[in-house]
Amino acid sequence: MMDTIFFTLSKVVQFCIEPLNWVIVFVLLSLLFLSLRKPHLCKRFLVLALFDLLLVGWLPASELPLRMIENLIPKTALSGDLNNEVGGIIILGGAISGEQIAVDRGEISIHSSAERITKGFEFVRRYPNLPYIFSGASGRITPRGISEADAFKQLVQEQGLNEDKAHYENQSRNTYENVIYMKPMIQELGAKDGSGKLKPWLLITSASHMYRSVKIFEKQDLPVLPLPVDYQTANRLQWTEFSLVDGAQNWHDVVHEAVGLLAYWITGKI
């Protein structure tokens, strides 16, 4: 019950503080004061709405905090042969849209974080003897259709990948549950080193999501080698670029990670 409340509350908080959503609030307030014949207040909230749109659309405003988050965990220098170094491969969900679209259309859609899937496929093909786990059900409060894990299973079959080493976790709704539900699978499937400790697993997820993921794995005493993908920022800021679409997505990622880190820190999950 507490996990469900935590999950729902985190979604509500994120929705409330995303900058683009405040445009609606400012416009509604300006209309309210217009109806109350208070044009000075109406103008102020319209100015705030305009400023909010500029903040969202001017890309450096969102790229700067997003780049800081993406740079928190650098790429691990991997050797040419991981068969004896890692216990397996972990691919975190967040890139696949199964759900009702997959049911109605009969096709699996891969969204903007597609590198999680493509990089996962690359390593599954390169190291066919390593076990791999895909973890993810749905990030929605009210999920519909099939889970991300079931959608990934369909992609594995379509791509002709080795299914003997495939394992799926299809109950988790957030990163903490990803780790908790995978933990017994990792402990059972993972190889051990000479001292009897679990070998680290290769962890594939978006760069902006990697820091929070690694901290949760560390809290659960599960060693991982981070392989961040899906970078959304470069080394230089795009000072002259303006895009409401890209800016809104950047702010969504920033707020999502900020809320997640704060919530997990408060509740002792990291």
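Heavy-atom basis, side chains included; hydrogens, waters and symmetry copies ignored.
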Residues that, via side-chain heavy atoms closer than 4.5 angstrom, fall in one hydrophobic cluster with Leu28: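 Besides Leu28, the hydrophobic cluster comprises Ile24, listed by chain and residue number.
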Other cluster members, Phe15 - Ile/Leu/Val/Met/Phe/Trp/Tyr, side-chain contacts below 4.5 Å: none
Who pairs with Arg212 by salt bridge (charged side-chain N to carboxylate O under 4.0 Å, His left out), at least two apart in sequence or on another chain?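 Partners of Arg212 by the salt bridge (charged side-chain N to carboxylate O under 4.0 Å, His left out) criterion, ordered by chain and then number, come out as Glu257.
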Considering residues at least two apart in sequence or located in another chain, which fulfil the salt bridge (charged side-chain N to carboxylate O under 4.0 Å, His left out) criterion with Lys165? none
Scan for side-chain hydrogen bond (donor to acceptor under 3.5 Å, both in side chains) pairs involving [range], sequence neighbours excluded, and state none if there are none.
range: residues 19-39; result: none
range: residues 42-55; result: none
range: residues 225-238; result: Glu63-Gln238, Glu70-Thr233, Ser113-Asp230, Ser206-Asp230, Asp230-Gln232

Under a 3.5 Å cutoff, is there a donor and acceptor pairing between the side chains of [X] and [Y]?
X: Asp253; Y: Ser208; value: no
X: Glu169; Y: Ser135; value: yes
X: His256; Y: Glu18; value: no

Non-neighbouring partners of [X] that pass ring pair (Phe, Tyr, Trp, His ring centres under 6.0 Å), sequence neighbours left out:
X: Phe45; value: Phe33
X: Tyr211; value: none
X: Phe121; value: Phe152

Are any side-chain N or O atoms of Lys199 and backbone N or O atoms of Gly190, one a donor and one an acceptor, separated by less than 3.5 Å? no
Using side chain to side chain contact (heavy atoms under 4.5 Å, CB included) as the criterion, list what pairs up with Asn71, not counting sequence neighbours.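 Partners of Asn71 under the side chain to side chain contact (heavy atoms under 4.5 Å, CB included) test: Arg67.
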Can you sort out the partners of Ala114 under side chain to side chain contact (heavy atoms under 4.5 Å, CB included), two or more places apart, ordered by chain and number? Ile110
